[in-house]
Every structure is written in structure tokens, then in C-alpha cells.
Amino acid sequence: MASGPELLRADDTGDGGSPSCPTAPHSDGPCPIAPHSDGSCPIAPHSDGPCPTAPPGARLSIAILCYINLLNYMDRFTVAGVLPDVEDFFSIGDSSSGLLQTVFIGSYMVLAPLCGYWGDRKSRKRLLSLGLALWAAATMAGSFVPPQVTPVLGLVALALLVTLVTDPPRGGTETPPGTPLTHSAWGSDLRDLLTNRSLVLSTLGFTAVAFVTGALALWAPAFLVRCREATGRGEPCPRGHRCESSESMLFGALTVASGVLGVGLGAELSRRWSPHCPRAEPLLCAMGLLGAAPCLLLAIMAARPSPTAAYIFIFLGESLLSLNWAIVAEILMHVVVPTRRSTAEALQIITSHLLGDAGSPVLVGALSDWLRSSAGPAPSSLAAARALGLALLLCPFVAALGGGAFLGTASAFPRDRRRARLLARGLDPDDEELEDPDDLVVPRGGRPTKVPVAHVLS
């Protein structure tokens with residue numbers, strides 16, 4: 001096998017005919033669509049007909065699912081915006097504050113493995129609808145102060161999901177038409193997923209992303225407030241009273257902007273680079289984390305002398321971290337067969353959250369309290385800012401470790417992707433003689449010759 005995807009090209013090209021659709025290897029007709037800039041059509045290696053087009057309403061469904069995912073994250077980071085107020089009002093330290101986030105995310109992840117099992121075997125739309133309904137009811141019951149914005153947004157999402165979103169068939173673009181999907185025992189699924197190097201290493205890399213983003217979301221605004229107070233740019237908050245500051249709002253705005261930029265940039269870079277490099281996706285993730293580490297380090301170092309520089313480095317660091325969000329899901333789709341993807345996603349979610357953004361807030365808070373205790377019974381604002389800043393140095397360190405995990409993913413990615421493609425077609429993944437199902441074929445006549453796809457697309 002070659003290291004990257006290949007296509008079959010005829011030596012004799014003197015017939016002058018137009019090449020067949022390279023994504024429909026058994027078709028002698030032209031590509032019916034040409035979405036790429038070079039005129040090629042998308043890869044659909046298992047189709048004997050024309051290149052597929054997006055089903056009606058696909059863009060609307062994606063928009064609704066993005067809206068639901070936005071609600072999923074909105075509640076999770078509400079506490080971060082008012083954390084200094086919470087600490088002052090209840091007279092609690094950083095350890096207890098970090099535990100608030102840990103308890104919430106820990107309880108939130110309890111059902112993830114069970115939902116992953118159901119997601120591979122039951123209607124995903126119905127499961128998501130049930131989850132939205134329960135979430136809206138729980139937030140409505142727990143909110144005693146009107147207006148109850150979050151439950152209303154959840155009910156709107158539920159209505160949109162039920163009425164407008166369709167549940168596409170599993171593996172519809174990867175398995176031959178009419179091929180039934182067979183489910184193995186859940187224990188067999190778990191064993192296969194735990195031995196999938198690309199999945200395990202990319203999950204560890206994404207856990208590093210979750211660790212860093214969770215710690216920053218909870219502690220970065222509080223750290224910036226303390227730096228402002230330590231340098232005399234603001235007065236400390238009276239205990240038990242609300243603190244008026246702009247750090248939380250500004251940090252939130254930077255997080256939103258960097259998320260939009262990073263996710264969009266990561267998806268576009270992956271689309272452009274992956275046809276030329278079989279390891280493009282994990283390498284982009286590694287570059288994002290390894291680039292974010294020095295940016296976060298500089299942000300922490302610059303927070304007291306130059307808040308403006310700190311915000312710039314935070315924006316750059318979070319943008320680089322956000323490169324991973326869409327690409328990690330793409331890696332999972334490439335290396336896991338359709339009948340195991342919900343289980344794989346559940347394992348990735350519970351690992352990245354429990355070891356990532358559930359643990360990092362309490363770990364950073366406990367370390368900050370321990371460092372503050374060395375300053376005496378009544379530490380100054382400067383000591384409090386310095387302690388939290390030193391605790392936040394865990395973030396660039398963990399980001400660098402995550403980059404290393406994605407470099408490991410890159411080494412295993414081509415093999416695991418080929419294995420998943422063969423399994424999806426019911427073929428033996430251990431048969432070295434079988435061609436990768438993603439190989440492209442351009443029948444023109446004469447003797448076929450293999451050439452790398454990158455040579456044709458470039």
C-alpha cells in the first residue's frame with residue numbers, strides 16, 4: 001500500500017475522451033457536480049452512480065444543530081462570568097470555586113456512555129429531542145428568577161429539531177448502496193475503539209484542549225481582575241458586594257471571536273490541505289496546540305504589565321486552540337466505522353470533559369490556594385494575582401502535551417483510516433492486497449497505472 005490515496009490512471013490516453021467521474025469509479029460518465037476549484041467532484045468511493053449532492057435541507061439542519069450545540073455550551077460557562085462575585089459573596093477560596101465547575105460537568109457526563117450505545121442503535125433524532133426536553137424542563141424548574149431565557153431557548157431548539165431536521169442513514173456516504181449495517185456486541189465495539197491508536201491519541205489531544213479551555217473559561221477573567229487590582233488600576237471589591245468590572249465581558253467577546261475564527265480557519269485549512277497530505281488533520285491539530293502554548297504563556301506573563309498585550313495573546317492562543325474543534329470530529333469520522341461512531345463520540349466526550357474541563361478548574365484553584373497560603377494569613381492583591389498566574393501556567397504545559405498526542409495521531413492516522421474504510425465495506429482490514437476504498441479510478445483505456453492523488457489534484 002502507498003502512504004497516501006492513489007488513483008488508477010491509464011497509460012493510453014489517446015482516445016481523447018473525457019475522464020470518468022473520479023469519485024464514482026465504475027461510471028464512464030462525467031462528474032455531475034464540480035464543487036472544487038479544480039473542477040473535481042467530491043470523493044464518493046462506494047457509489048456506482050453519479051457523484052452525490054447534499055440532501056434538501058442539509059444546510060438548515062446543520063444550522064439548527066449548531067444552535068443546539070451553542071446552548072449546550074452556554075450554561076456550562078455562566079459561572080465564569082460572575083466568579084469574583086461568587087467568591088466574595090460566599091467567602092470561598094479558589095479550590096471551592098473550581099469544584100463548582102467540576103461537579104456540574106461530572107454529573108453532566110454520567111449518561112454519556114449509555115447515550116453513545118443508544119446513538120449507534122436507536123434514532124439519534126429522538127434521543128436528541130428527549131435530551132432537549134429534559135434539559136429545558138430541568139432549567140425551568142431550577143430557575144426562580146424570570147425571565148427564564150435558557151428554557152425558552154431550549155424549547156425553541158426542540159421545536160426546530162422535531163419539525164425541520166431529518167435523521168440521515170448511518171454510513172450513507174461510505175457503504176455500498178443496499179448494504180445492511182451490522183452491529184457487533186458493545187463489548188466488542190469498546191475493545192476495538194480502545195485499540196484504535198488514532199482515536200485514543202486524538203482523544204488525549206482533545207482532552208488537553210478541553211483542559212486548557214476549561215481552566216481559561218473559569219479563571220482567566222478572575223486572573224485579569226486580580227491583576228488590575230494588584231497594579232492599582234482598580235479597587236478591590238468589598239466583601240459580599242457585587243464587583244463591577246469589564247474583564248468577564250471582554251474575555252467572553254474575545255472567546256466568541258476567536259472560536260469563530262479558529263473553527264472556520266481549521267475547517268478551511270483541512271479542506272485545502274487534506275487532498276495533498278494524508279496526515280493533514282492531526283498535523284493541523286498538533287500545530288494549533290503547539291502554537292497556542294507560547295501564546296498562553298505570554299498572555300499570563302503580560303497580564304500585569306500590559307493588559308492589552310495579554311488580551312492579544314489570549315485571542316491568538318484561543319484561536320489556535322479552536323483549530324481543533326471541527327477537525328477532531330473529522331478524525332473520528334475517518335477512523336471509526338459508522339456503527340460505532342456514537343459510542344466513540346461518547347467515550348471521547350466523557351474522557352475529554354472528566355479529565356479536561358471538569359478537572360482543570362479545581363486543579364488550578366487548589367494550586368492557586370496552596371500558593372496563596374505561602375504568602376501568609378492575609379495575602380495581598382499582588383500575591384493573589386501571582387498565585388493564580390502561576391497556577392494557570394499549567395495551561396501552556398498541557399497544551400504542549402496535547403500537541404505531542406496529535407503528532408502521535410498523525411503517525412497512525414493513514415493505517416486506521418484505511419482499516420475503517422475496509423470494515424465499512426465488509427472487507428478484511430488485515431488483507432494487505434486490498435486497495436484502499438478511497439482510491440480513485442479514472443478509466444481511460446489501456447493498462448492502469450497508480451499515481452498519488454496529490455499529483456493529480458496539484
Side-chain angles (χ1 to χ4, degrees), residues 35 37 59 62-74 76-78 80-81 202 205-221 223-224 246-277 280-303 306-333 352 356-357 360 392 395-396 398-400 402-403 405-406 409:
S37 59
R59 289 183 174 84
I62 291 174
I64 294 172
L65 293 175
C66 288
Y67 168 63
I68 293 172
N69 201 40
L70 176 64
L71 296 182
N72 174 42
Y73 280 88
M74 188 173 70
R76 193 180 308 175
F77 297 112
T78 300
S202 64
F206 191 64
T207 299
V209 177
F211 184 100
V212 174
T213 55
L216 290 178
L218 190 69
W219 289 117
F223 173 60
L224 295 169
S246 60
E247 279 80 3
S248 295
M249 184 66 70
L250 183 54
F251 179 80
L254 287 177
T255 299
V256 171
S258 63
V260 172
L261 174 63
V263 171
L265 182 61
E268 181 63 17
L269 289 175
S270 176
R271 186 186 71 84
R272 291 179 177 273
W273 193 17
S274 56
H276 305 277
C277 177
E281 290 90 346
L283 287 177
L284 280 171
C285 292
M287 290 165 58
L289 278 166
L290 294 175
C295 291
L296 297 176
L297 177 62
L298 291 172
I300 295 170
M301 296 174 62
S306 177
T308 301
Y311 281 118
I312 292 174
F313 285 122
I314 287 174
F315 177 78
L316 293 175
E318 289 197 320
S319 297
L320 290 169
L321 284 174
S322 298
L323 288 178
N324 296 267
W325 289 99
I327 305 177
V328 167
E330 187 177 359
I331 291 174
L332 185 148
M333 294 283 286
S352 61
D357 53 348
S360 61
L392 283 171
C395 292
V398 172
F406 277 118
T409 305

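All of these numbers come straight from a predicted model, not from anything done at the bench.
One distance of note links CD1 of Ile327 with CG of Leu284; it measures 4.5 Å at 0.5 Å rounding. Taken to the nearest 0.5 Å, the OH atom of Tyr311 stands 7.5 Å off from the CG atom of Leu254. Distance CG/Leu298 to CE/Met301: 6.5 Å, rounded to 0.5 Å. Residue Trp219 holds its CH2 atom at 13.0 Å from CG of Leu224, rounded to the nearest 0.5 Å.
Contact check for Phe313 versus Leu297: no side-chain heavy atoms found under the 4.5 Å cut-off. Side-chain contact between Thr409 and Cys285: absent, with no pair of heavy atoms (C-beta onward) separated by less than 4.5 Å. Residues Ser202 and Leu332 fail the side-chain proximity criterion, which asks for heavy atoms closer than 4.5 Å. Side-chain atoms of Leu289 and Val212, non-hydrogen and from C-beta on, never get closer than 4.5 Å to each other.
Of all non-hydrogen atoms in Gly317 and Leu296, the two that sit nearest each other are CA-CD2, 4.3 Å. The two residues Ala210 and Ser360 make their nearest non-hydrogen contact at O-OG, 4.5 Å. Smallest separation of non-hydrogen atoms from Gly288 and Leu323: CA-CD1, 3.8 Å. Between Gly205 and Ala405, the shortest heavy-atom contact is N-CB, 3.8 Å. Residues Ala292 and Leu320 share a closest heavy-atom pair of N-CD1, 3.6 Å. Contact between Phe251 and Leu216 at its shortest, heavy atoms only, is CZ-O, 3.5 Å.
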Exercise for review: Any chance you could lay out the side-chain contact (heavy atoms from CB on, under 4.5 Å) test for Phe406 and Val328, step after step, and finish with the verdict?
Suggested key: CA-CA 10 Å; Phe406 277 118; Val328 167; 3.7 Å; yes
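With hydrogens and angles disregarded, no donor-acceptor distance shorter than 3.5 Å links the side chain of Ser270 to the backbone of Gly266. The backbone N or O of Leu261 lies less than 3.5 Å from no partner atom in the side chain of Ser319, so there is not a single donor-acceptor pair. Side-chain atoms of Thr213 come within 3.5 Å of backbone N or O of Val209 as a donor-acceptor pair.
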